Each structure stands twice: as C-alpha cells, then as structure tokens.
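Working notes for the structure below.
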Amino acid sequence: MDMKTNFNIGDRIHELRIKSGLSQEKLALRANITTTYLGLLERNQKNPTVKVIEQLCNQFNISLGEFFSPSQTPEKPVDAVSMQILVQISDRNEAEKLMILQTVKDMMRLCDLSRKNALNNIQTDTSMEKDNMP
C-alpha cells in the first residue's frame, strides 16, 4: 500500500462485508454491534476501537494485519473440492447463490457448534474421571 494514501477504515469494512455476502444487519449481529453503529463506521462518521475491528475481522475470517493491508492480502489457492463447488453453482442466479452461501454459512456454524460441544463433553468427561480417581 502506498504510504501517501490514507487508509479508509469505513471503505475497508464495507468492501469486506460485501465480499463476504453479509448485510449490515447480519454483520452487526454477528459482531455484537448495532446496525446503526456499523453504518456510521462504513460512512466514516465514527471511528471504531481496535476491539470492534477485531470483532469484525473475526466475522471476515481475517487477521487485524490483513484488515489493514488489503493490497497485501495473499490469494488463497482454490483446492479441487472448492473448484467443484464453484462449478456446481456457476450457472445459478444471484439470489440462488446467496441462498446457497447462507446455507453453507449456517452449516459451518452448526459444525463449529458441534465441535465445541464435543470438546466440552471431552473436558467434562476428563474432569469427572479425575474426580473419581482414588
């Protein structure tokens, strides 16, 4: 990034939100901020704290460094399975693609929740075994 160019946080948030296929409402809800506040951030009428930027970055699955270095964000190579998914949806209209995207995101959240519950169960079982040891 050219150091003479000012970094526009609001534009970056907007760019990443659109790239992620999220509405302001969905991103705000997931990042635990209000929709009004998110709109103010995107219009550069408010300055976010580092904590808020971190919450947004978590929703975009990027680091703080990537947030502030849009021109240096490396392209991830597309693996064979991802390419097959792209081929399958390529002839769908925009509305169908958005529905598919939302379904995938919902499934990922369920998988994450399932994984978290499984880890919690393992930790609970382990602590119960320790309590029952002589």
Side-chain angles (χ1 to χ4, degrees):
M1 177 186 295
D2 182 3
M3 293 305 288
K4 295 177 185 174
T5 305
N6 289 334
F7 186 84
N8 189 313
I9 290 176
D11 286 349
R12 182 65 171 148
I13 293 170
H14 179 78
E15 169 194 342
L16 291 167
R17 180 177 62 77
I18 297 303
K19 185 177 177 182
S20 298
L22 295 171
S23 66
Q24 281 187 339
E25 292 81 13
K26 286 191 179 191
L27 177 58
L29 180 66
R30 292 178 183 177
N32 200 27
I33 60 176
T34 67
T35 305
T36 302
Y37 181 58
L38 179 58
L40 292 170
L41 294 176
E42 287 190 2
R43 291 188 304 278
N44 291 302
Q45 294 175 335
K46 289 283 185 181
N47 291 317
T49 63
V50 173
K51 178 71 175 163
V52 168
I53 294 173
E54 182 180 41
Q55 289 167 213
L56 293 168
C57 286
N58 288 338
Q59 300 312 308
F60 300 136
N61 293 318
I62 62 170
S63 68
L64 282 170
E66 289 171 313
F67 179 86
F68 289 105
S69 302
S71 63
Q72 298 175 9
T73 303
E75 287 292 321
K76 294 180 182 176
V78 179
D79 60 89
V81 175
S82 297
M83 187 59 80
Q84 289 177 14
I85 293 168
L86 289 173
V87 168
Q88 290 295 317
I89 67 168
S90 63
D91 62 338
R92 301 295 177 163
N93 66 40
E94 194 68 19
E96 290 173 323
K97 287 178 184 177
L98 288 172
M99 287 178 11
I100 292 167
L101 174 62
Q102 188 58 52
T103 301
V104 169
K105 288 180 178 182
D106 290 343
M107 290 173 54
M108 290 173 61
R109 275 195 302 280
L110 286 173
C111 288
D112 291 344
L113 182 60
S114 177
R115 185 180 308 126
K116 182 179 177 182
N117 286 339
L119 289 173
N120 286 340
N121 288 341
I122 290 170
Q123 290 173 346
T124 301
D125 291 346
T126 303
S127 65
M128 287 175 54
E129 288 174 6
K130 286 180 183 177
D131 291 343
N132 291 331
M133 286 187 165

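We count residues from 1, following the sequence as given. Here the structure is a predicted model, which means the values were calculated and not measured.
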For the student: nearest non-hydrogen atoms of Ile13 and Phe60, plus distance: O-CZ, 3.9 Å
Minimum heavy-atom distance Asn47-Leu41, with the two atoms named: C-CD2, 4.0 Å
Separation of Ser90 OG from Met83 CE (nearest 0.5 Å): 10.5 Å
Interatomic distance, Asn61 atom CG to Met108 atom CE [nearest 0.5 angstrom]: 6.5 Å
Heavy-atom pair with the smallest gap, counting every atom of Glu42 and Gln24: OE1-NE2, 3.0 Å
Between Asp106 and Gln102, a side-chain donor and acceptor under 3.5 Å: yes
From Gln88 atom CD to Ile100 atom CD1, the distance as rounded to the nearest 0.5 Å: 9.5 Å
Verdict with reasoning, Lys116 to Asp112, per side-chain contact (heavy atoms from CB on, under 4.5 Å): CA-CA 6 Å; Lys116 182 179 177 182; Asp112 291 344; over 6 Å; no
More than 12 heavy atoms from other groups under 6.0 Å of CG on Asn32: no
Which atom of Ser63 lies closest to which atom of Cys57, heavy atoms considered: O-SG, 3.8 Å
Heavy-atom pair of closest approach, residues Asn44 and Gly10: OD1-N, 3.0 Å
Leu56/Leu27 under side-chain contact (heavy atoms from CB on, under 4.5 Å): CA gap, chis, key distance, verdict: CA-CA 8 Å; Leu56 293 168; Leu27 177 58; 3.9 Å; yes
Lys105/Leu22 under side-chain contact (heavy atoms from CB on, under 4.5 Å): CA gap, chis, key distance, verdict: CA-CA 11 Å; Lys105 288 180 178 182; Leu22 295 171; 3.3 Å; yes
Residues, nucleotides or ligands: over 12 heavy atoms within 6.0 Å of Asn58 CG: yes
CZ (Arg109) with more than 12 external heavy atoms under 6.0 Å: yes
Minimum heavy-atom distance between Ile89 and Lys97, given as atom pair plus value: O-CE, 3.3 Å
Set of residues satisfying side-chain contact (heavy atoms from CB on, under 4.5 Å) with respect to Ile85, sequence neighbours excluded: Val81
Shared hydrophobic cluster for Met99 and Val104 (ILVMFWY, side-chain gaps under 4.5 Å): no
